[in-house]
Protein chains: 2
Amino acid sequence: MKRTASRAGQLIDVLPRPGEGADADRSAALATLETLGTAVRLRSGQKLVRPAEASDTTFIVKEGVFVSEALWPGLRSAVLALHYAGDALPLAALPQAAACAAVAATQAEVLRFSGTTSLPEGRQLVEYTLSSLLDQQARMALHIAMITTLDAGQRVASLLTEFALRLGRQNGRGVAFDVPLSRNGMADYLGLNADTLSRIVSGFKASGLVEQPGRHRFIIRDWKGFFALSPLNTSIDHLHRRVRA
Amino acid sequence: MKRTASRAGQLIDVLPRPGEGADADRSAALATLETLGTAVRLRSGQKLVRPAEASDTTFIVKEGVFVSEALWPGLRSAVLALHYAGDALPLAALPQAAACAAVAATQAEVLRFSGTTSLPEGRQLVEYTLSSLLDQQARMALHIAMITTLDAGQRVASLLTEFALRLGRQNGRGVAFDVPLSRNGMADYLGLNADTLSRIVSGFKASGLVEQPGRHRFIIRDWKGFFALSPLNTSIDHLHRRVRA
DNA sequence: CGCGGTCTTGATACTTCTCAAGTCGGGTGG
DNA sequence: CCACCCGACTTGAGAAGTATCAAGACCGCG
């Protein structure tokens, strides 16, 4: 089918090529910071928690996906933000009132910095953190926009688009990626009920836009069609696509 | 009535006293920054817009309330965040894809910084901005938690509590404040329909918790009762109350 | 291969949205 | 200073969308 080929052609423009663009910039900045911080490996599910007293500890994600979660008694849990490789995670950015933590959603590796801000070399960390927070703040703003302006189907499409742009690889069948969150985690991120989310994903599969070869694995078969599902997807593309045209 | 007196006693612990605590810290840090930036006065409704090309311009709010707004074609407008005196507003934190701006919600005054980050004195601005962004990121996280976990009534109660803590003054009748947003603005911030918001506020008035002497003026008559309406209010108190116990 | 937890799907109830009509408030001009 | 007028707000009835609950299916782990 000719259209498959043309879709594949577009995908080359859409998905990142390893080692290019922003990836390379990030690596350069990180290389100098690695001498200051200590590397830590985490398994999926391990948590970075803000201690009760004030803390200036900062982590930088080297690899993997993190989820900022909060749980207030009597409320369903909230997923506040997603963090990817390169993101700075200052524990001070977590609200302290509730059980709140950054949880590794996949196997992960981080750099740990503690008390380095006051050192002369600390300026590098401060500037890296600031730049990363600007980025993350824009993403949180978009997250808020998703939740306040979109209906359930558009929200789910937006999140899957984000995952595809961040984690996806193009193959013969489309754009494939492993979802780092459970159904419940995705629902909490989107402010939806998990049952509703399930129904919506089933709808995507029924319409042929998406395939699900395993519980955590997705393939977006029709990128253009899927991308059009959410009016915020062009903005999501700006913030999550790693190679600029 | 004795309970009125006891409520009033509690309010003294709850509301800020001018010139104390965090206010004083902020003033000290700002005093040194004022020589670097240029002061600008804004009228309600004026906008700070991110230019198309990358910009390192940063504003610091000296006075007034700002609203980060975004408008995507075909969607209802989104209110992404609220900014108060002391907040740093780097234009780079605004998503750039949509019509997006920080709008003065009241008469306001800001300090404008442009290209100062590279100067040796710029470190002060960088550190101030970083610290402010950490604060604002925690507030955005709470905003997301509000929208994803609370029902409509709890959301409205949370927002009014925030305004009371930020802008309120205790008087004989309760905690009084001027709402800096229109009904539509509040609804957009909360991800609610303006009609629904109106109904909920009417409910608060009917139950005697709240009074509304003018279109933009509110008085919370029963602080304890009102505070209990939202399970997130203790967290909101942590982030928005300016005097610690 | 079997078990446990996660996911799916249906029927139903409830919250919230939509649309429309009416009311209110406050700023403007006489 | 008062009356007018326009935009913002209020309120109702009905519709739409999403949540809830329960039963069953599936996947992946051991």
Side-chain angles (χ1 to χ4, degrees), chain A residues 43-45 67 74-79 105-107 146-160 178-207 210-219 229-230, chain B residues 43-45 67 74-79 105-107 146-160 178-207 210-219 229-230:
Chain A
R43 275 181 303 194
S44 173
V67 170
L75 296 176
R76 77 165 155 220
S77 65
V79 170
T106 64
Q107 187 173 323
M146 280 168 57
I147 297 168
T148 56
T149 68
L150 300 181
D151 66 32
Q154 294 170 325
R155 291 185 212 175
V156 177
S158 302
L159 179 56
L160 292 181
D178 286 316
V179 175
L181 270 63
S182 69
R183 244 344 95 94
N184 275 294
M186 288 173 61
D188 291 339
Y189 181 79
L190 298 172
L192 292 175
N193 181 287
D195 302 340
T196 302
L197 173 57
S198 204
R199 261 181 275 270
I200 288 166
V201 173
S202 298
F204 291 164
K205 289 191 278 189
S207 67
V210 159
E211 222 170 63
Q212 193 182 11
R215 196 145 273 185
H216 284 272
R217 185 135 192 104
F218 279 79
I219 301 174
L229 287 179
S230 160
Chain B
R43 276 182 302 193
S44 172
V67 170
L75 296 177
R76 75 166 157 218
S77 64
V79 170
T106 64
Q107 187 172 323
M146 280 167 58
I147 296 168
T148 56
T149 68
L150 300 182
D151 67 31
Q154 295 170 324
R155 291 185 211 175
V156 177
S158 301
L159 179 55
L160 292 180
D178 286 316
V179 175
L181 270 64
S182 69
R183 238 353 93 94
N184 276 292
M186 287 171 61
D188 291 339
Y189 181 78
L190 297 171
L192 292 175
N193 180 287
D195 302 339
T196 301
L197 173 57
S198 203
R199 263 181 275 269
I200 288 165
V201 172
S202 298
F204 290 163
K205 289 191 278 190
S207 67
V210 159
E211 224 168 64
Q212 193 182 11
R215 197 141 274 184
H216 284 271
R217 185 134 192 104
F218 279 80
I219 301 176
L229 287 178
S230 161

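So that the names make sense, note that chain A is the first sequence line, chain B the second, and so on, each numbered from 1. Keep in mind the model is a prediction, meaning the values are calculated, not measured.
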Problem set entry | Donor-acceptor pair, side chain of B:Arg215 and main chain of B:Ser182, under 3.5 angstrom | no
Exercise. Do A:Ser202 side-chain atoms and A:Ser198 backbone N/O form a donor-acceptor pair below 3.5 Å?
Worked result: yes
First locate atom [atom1] of [X], then atom [atom2] of [Y], and finally report the distance between them rounded to the nearest 0.5 Å.
X        : Y        : atom1 : atom2 : value
B:Leu192 : B:Ile200 : CG    : CD1   : 5.5 Å
B:Arg183 : B:Asp195 : CZ    : CG    : 11.0 Å
B:Ser77  : B:Asn184 : OG    : CG    : 7.5 Å
B:Gln154 : A:Leu75  : CD    : CG    : 6.5 Å
A:Leu181 : A:Met186 : CG    : CE    : 7.0 Å
A:Arg76  : B:Leu150 : CZ    : CG    : 9.5 Å

Spacing between [X] atom [atom1] and [N] atom [atom2], to the nearest angstrom:
X        : N      : atom1 : atom2 : result
B:Phe204 : D:dT11 : CZ    : P     : 14 Å
B:Leu150 : D:dT18 : CG    : P     : 18 Å
A:Asp178 : D:dG28 : CG    : C1'   : 14 Å
B:Leu197 : C:dC17 : CG    : P     : 10 Å
B:Asp188 : D:dA8  : CG    : P     : 13 Å
B:Lys205 : D:dC9  : NZ    : P     : 11 Å
A:Gln212 : D:dC26 : CD    : C1'   : 11 Å
A:Leu190 : D:dG17 : CG    : P     : 18 Å

Problem set entry | Residue closer to the 5' end of DNA chain C, B:Asn193 versus A:Arg183 (nearest nucleotide) | A:Arg183
For this session: Look at atom CD of B:Gln107 and say whether more than 12 heavy atoms of other residues, nucleotides or ligands are closer to it than 6.0 Å.
Result: no
Exercise. What one-letter contact string describes nucleotides 9-15 of chain C from 5' to 3', where B marks a base within less than 4.0 Å of any protein heavy atom, S marks contact via sugar-phosphate atoms alone, and - marks no contact?
Worked result: BBB----
Exercise. Reading nucleotides 23-28 of chain C from the 5' end, what letters show protein touch, with B for base, S for backbone sugar-phosphate only, - for no heavy atom under 4.0 Å?
Worked result: -BSS--
Exercise. Which is true for B:Gly191 with a 4.0 Å heavy-atom rule: it touches a base, it touches only sugar-phosphate, or it touches nothing?
Worked result: sugar-phosphate
For this session: Give the angle between the helix axes at the two ends of the helix from C:dC1-D:dG30 to C:dG30-D:dC1, taking five base pairs at each end and rounding to 10°.
Result: 50°
